[in-house]
Structure formats: C-alpha cells, structure tokens
Amino acid sequence: MKRLLTFLGTIFIMAGSAVWAQEVNSNATLSGSSSGEDVTIENAVDWVPEISLDTRYGYTHQSSGGGGGFGSDNFLLNVDGKIGKHFSYSFNHSLKSSIDEGSTFFDATNWLTLSYELGNFTFTAGKDALMVGSFEYDAYELDCYYEMGSMFNYNINSWLWGVSAMWTNNAETSSFAFQATKSPFAFDPKEDNLYAYNVAWYGMWEKYESIWSVNMMEYEPGNFVKMLALGNMFYWGNFEFMLDCIVRATDFSKNIGKDYTVNMQPAYNFGESLRLFGRLGVERTPDDAEYDFLGEYLSVEDKVLANEENEYIMPAYITGNKEYIYYGAGLEYFPLKEDKSVRLHAAWTSNNYTKSHMVNVGLTWKLDVVGAVKFLARKAK
C-alpha cells in the first residue's frame, strides 16, 4: 500500500509540475533568437501529458454453486503526450498486477510506445498490441466483459515488443500498417527467437469502420500460424453492429474451417446516456492443432478433465472439435452528460460448455489527473 500511495503521489506531483511549467512557459520565447522574432513555443499544451487512472469495480454472481462476490477488474495508469512536433508517446500500466519472481516491471505494462510522425507516415517502436483485425480484440480492457468473449481473445499474448509503420491517406479514412513483433508463441521473449509479421487496414467512414489484418506468427522457427482477421463495425443512426470473422491455420489448403472465431454484437444507443448490447459468438479449435496459444500442449484427456474441474463460466479449453458458443446481453449507463468518465453496467452471459449463467453489475470510472490538478490549482488561488 505504501508503494502504491508513493507512486500515486509522484504522479500528482508530476502532473502539477507539468501544469505549472505550462503556465510559466505559455508566453515565453525561445532563448538564442538573435532576430528578436517572437518564437513562442508552439502548442505548449501538447507537451503536457494526459494522465488518467482507470478502474472498474463490481459484483459478480454465478448460478452454478452460487459463486461470486465484490472485486475490481483492474487499476490502470494511462499517460499520453508529445515530445516536440513529431514525437508522441503512450503508456498503459496495470497497478493491480504483482511482480513475481523472475518477472519485471514491464510484464505489467500493456503498452509503452514512442511514435514519430512524418507527413502521412507514422513509425512506432516499443511494446504494443499485436495488430489483429477484430473489434473485440481492439477494445480497451475495461470496456470488455470477459465471460462474454472468445477464448482466442483472452488466451493470445496481445502485448508484444516490436516496430510498426503506418501510412494514412489525406482524408484520414484509411490507414495501412506493417508490424513486426515477437511472436505471441514466444513464451520467453528474450530467448525464444520467434517473430510475427502483420499487415493491417484501418478504415473509418460515417457508417462503417474496418480493422482487417493478415498475420503470420511463428510457433516454431520457420513454421507459421497464418491468420486472416476481418473486423467490421456498421452504424445506422443509433444502432451499431459489430461483426468479427477470424480464421487460423498452419496450412489453409488442408485446415480451412477447422480453427475460427466469429463474433456478432448488436447495440443500440438511447442518446448519450444509455446503451443496450448483445453478444453471440461461435469458436472452434481443432484437437490436433500444431500450436497452442497458452504454451501448455495438453492432451485431449487433460483438457476434458480441466473443463470438468473448471469453476468459471468460460471453459478451460475448447475440446473434442466441439464448437464453443457463447452469448450474453448487457446495458451501460452514463450518468454524466457528454462525459463518459463514469459508467454503470449490468451484464449477463452464458455458453454451451459450462451451461452456467453469470451476472455482473459494476461501476467504471476514469480520473483525469492533470484536469484534477488544474482544478485544485485554480481553487488554491
């Protein structure tokens, strides 16, 4: 607790220093200007980072065995900012995660990136999400209802060190990206010499958004899991519909249709305050797959036994070439007008493996640290 309080105190001090520096330098001119020309620092606010602390808390009840209770899903620190005109950085770290023996500080870091923008191009290095064409996969952690999701999404190692390059057209309706990272199958990233190569297309129009990708991920040197992921989001007025389709195989000519994930999520927004949504997903993974996203490579018998002993809503494994069908519904309520910082939710979910039901009711909030420091500074004057 002392370490956490010290850390949070440091964050507030940094935010206060940044705000003070902004106020001091907002009208300053750069030293060393012999011409006397006003070279006021451009966009001084750009280098003041955006800092937020995000968390979700709630109550969960499970129909089988009556399990459940109160708890928090995570506690996340977000820092975003710019360094000069062309460089920007982004950092997301879980303050809930403990550091075990053999792990490092960065194991609890979701992403840590530095980007350089040059015209229509953006070059990024650091720890980032594997580019996968799926809106379920692309969603922010606290916006996901875990037991309502696919096994692929929650088993794959999403956060990986690497580099990427992206080109965006002038209308900013399409972006094409190439990414090279450590492979999600590299369970010891510093030693396993395995890599992933990804090409993605991000499209954005008024009534349609896309995240499509082609992924080549090594599961052993020279051997790749090939994946085609097509994420689609449609908008009609207050109604939106998500459709994700992912197929995976080591050899599409032989294994097409044996390993896939399909997600559908309709949602309706009642103004800015209330959102209703549903979820239906179908997923399959073959028993004889040559790869394992968890790195366990258990026998079918062991997986069946693990499912029988499983106490959670989601199964431990997809087995017996049986499709995993999961479904649910929920609502989200935003009590602050035109501000999504506070959200209440209620969600129900079930599936065809555990045949149990789960209800989760909770609250999500996001604290704008820099905004809070500015407010306190104004009050103190």
Side-chain angles (χ1 to χ4, degrees), residues 128-139 149-160 162 164 176-187 189 192-202 210-232 242-265 280-304 306-307 314-326 351-353:
D128 205 353
L130 184 75
M131 291 181 178
V132 175
S134 165
F135 280 90
E136 176 197 36
Y137 175 92
D138 198 57
S150 66
M151 297 286 285
F152 165 77
N153 187 39
Y154 299 124
N155 286 338
I156 187 174
N157 181 14
S158 304
W159 309 108
L160 302 162
S164 65
F176 298 91
F178 172 77
Q179 181 189 50
T181 69
K182 297 295 290 187
S183 171
F185 297 98
F187 302 106
D192 295 345
N193 193 29
L194 302 175
Y195 297 92
Y197 306 97
N198 316 291
V199 177
W201 167 53
Y202 298 85
S210 66
I211 310 175
W212 291 10
S213 72
V214 176
N215 308 86
M216 299 279 289
M217 304 170 288
E218 278 187 308
Y219 62 94
E220 58 184 35
N223 292 320
F224 292 85
V225 176
K226 306 170 185 67
M227 185 166 69
L228 174 64
L230 307 176
N232 306 275
M242 179 193 81
L243 176 61
D244 288 344
C245 301
I246 303 175
V247 291
R248 301 170 289 268
T250 54
D251 186 346
F252 277 124
S253 64
K254 298 179 180 178
N255 300 323
I256 187 69
K258 294 183 179 181
D259 193 349
Y260 56 83
T261 302
V262 178
N263 266 312
M264 292 171 281
Q265 179 172 293
L280 173 63
V282 181
E283 191 168 38
R284 172 176 285 180
T285 298
D287 290 326
D288 59 351
E290 299 178 39
Y291 50 91
D292 183 345
F293 282 106
L294 290 175
E296 297 176 340
Y297 294 94
L298 299 179
S299 66
V300 177
E301 292 76 14
D302 288 338
K303 290 182 179 180
V304 171
N307 278 346
M314 295 180 72
Y317 303 94
I318 300 176
T319 60
N321 290 319
K322 176 184 177 182
E323 284 185 329
Y324 171 49
I325 301 174
Y326 48 98
N351 62 73
N352 68 329
Y353 263 70

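Remember, predicted model here, so these are calculated numbers, not experimental data.
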Practice item. Side-chain contact test, heavy atoms from C-beta onward, threshold under 4.5 Å: evaluate it for N263 versus S150 and give yes or no. Key: yes
**Study point:** Shortest non-hydrogen contact between K322 and Y353, atoms and distance
**Key:** O-OH, 3.0 Å
Exercise for review: Return the minimal non-hydrogen interatomic distance between V132 and A229, and the atom names on each side.
Suggested key: CG1-CB, 4.1 Å
Study note, to complete from the structure: Residues N321 and P286: closest non-hydrogen pair is OD1-CA, 3.3 Å
Check your understanding: Which residues satisfy the salt bridge (Lys or Arg N to Asp or Glu O under 4.0 Å) test with E136, sequence neighbours excluded?
Key -> R279
Practice item. Using modelled atom types only, decide if a donor and an acceptor are shared between the side chain of N352 and the backbone of I325 within a distance under 3.5 Å. Key: yes
Exercise for review: Using atom types as modelled and distance alone, determine if a side-chain donor or acceptor of N232 lies under 3.5 Å from a backbone N or O of L243.
Suggested key: yes
Check your understanding: Backbone N or O of Y317 within a donor-acceptor pair of the N307 side chain at under 3.5 Å?
Key -> yes
Point to revise | Residue that, paired with W212, satisfies ring pair (Phe, Tyr, Trp, His ring centres under 6.0 Å) out of F135, W201, F176 | key: W201
Check your understanding: Can we call the ring centroids of Y219 and F224 under 6.0 Å apart?
Key -> no
Review point. About how many Å separate CG of L294 and CE of M151, when rounded to the nearest 0.5 Å?
Key: 7.5 Å
**Study point:** Donor-acceptor contact below 3.5 Å, side chain K226 vs main chain M216
**Key:** no
Point to revise | Passing option when F185 is tested against F293, Y297, Y195 for ring pair (Phe, Tyr, Trp, His ring centres under 6.0 Å) | key: F293
Practice item. Could you grab the distance from atom CG of D287 to atom NZ of K258, nearest 0.5 Å is fine? Key: 11.0 Å
Check your understanding: Could you give the distance from CD1 (I246) to CE (M227), rounded to the nearest 0.5 Å?
Key -> 6.0 Å
Point to revise | Rounded distance (nearest 0.5 Å) linking atom OH of Y202 with atom CE of M131 | key: 4.5 Å
Review point. To the nearest 0.5 Å, how far apart are CD1 in I156 and OH in Y137?
Key: 5.5 Å
Exercise for review: Identify the heavy atoms of G231 and D244 that sit nearest to each other, and give their distance.
Suggested key: CA-OD1, 3.2 Å
Revision key, fill the gap. In short, Y197 meets A180 closest at the heavy-atom pair CD2-CB, 4.1 Å
Revision key, fill the gap. One should read off an interatomic distance between Q179 CD and L130 CG, to the nearest 0.5 angstrom, of 5.5 Å
**Study point:** Contact summary for V262 and C245, nearest pair of heavy atoms
**Key:** CG1-SG, 4.4 Å
**Study point:** Set of residues satisfying ring-ring contact (aromatic ring centres under 6.0 Å, His included) with respect to Y154, sequence neighbours excluded
**Key:** Y146
**Study point:** Flag, side chain of T285 to backbone of I318, donor-acceptor distance under 3.5 Å
**Key:** no
Practice item. Answer with yes or no whether the side chains of D259 and Y291 bring together a donor and an acceptor at under 3.5 Å. Key: yes
Exercise for review: Taking the side chain as every heavy atom from C-beta outward, state whether Y324 and M314 have any pair of such atoms under 4.5 Å apart.
Suggested key: yes
Check your understanding: Quick one: does L194's side chain get under 4.5 Å of P221's, heavy atoms only?
Key -> yes
Check your understanding: Is a side-chain donor or acceptor of S213 paired with a backbone partner of G133 at a separation under 3.5 angstrom?
Key -> yes
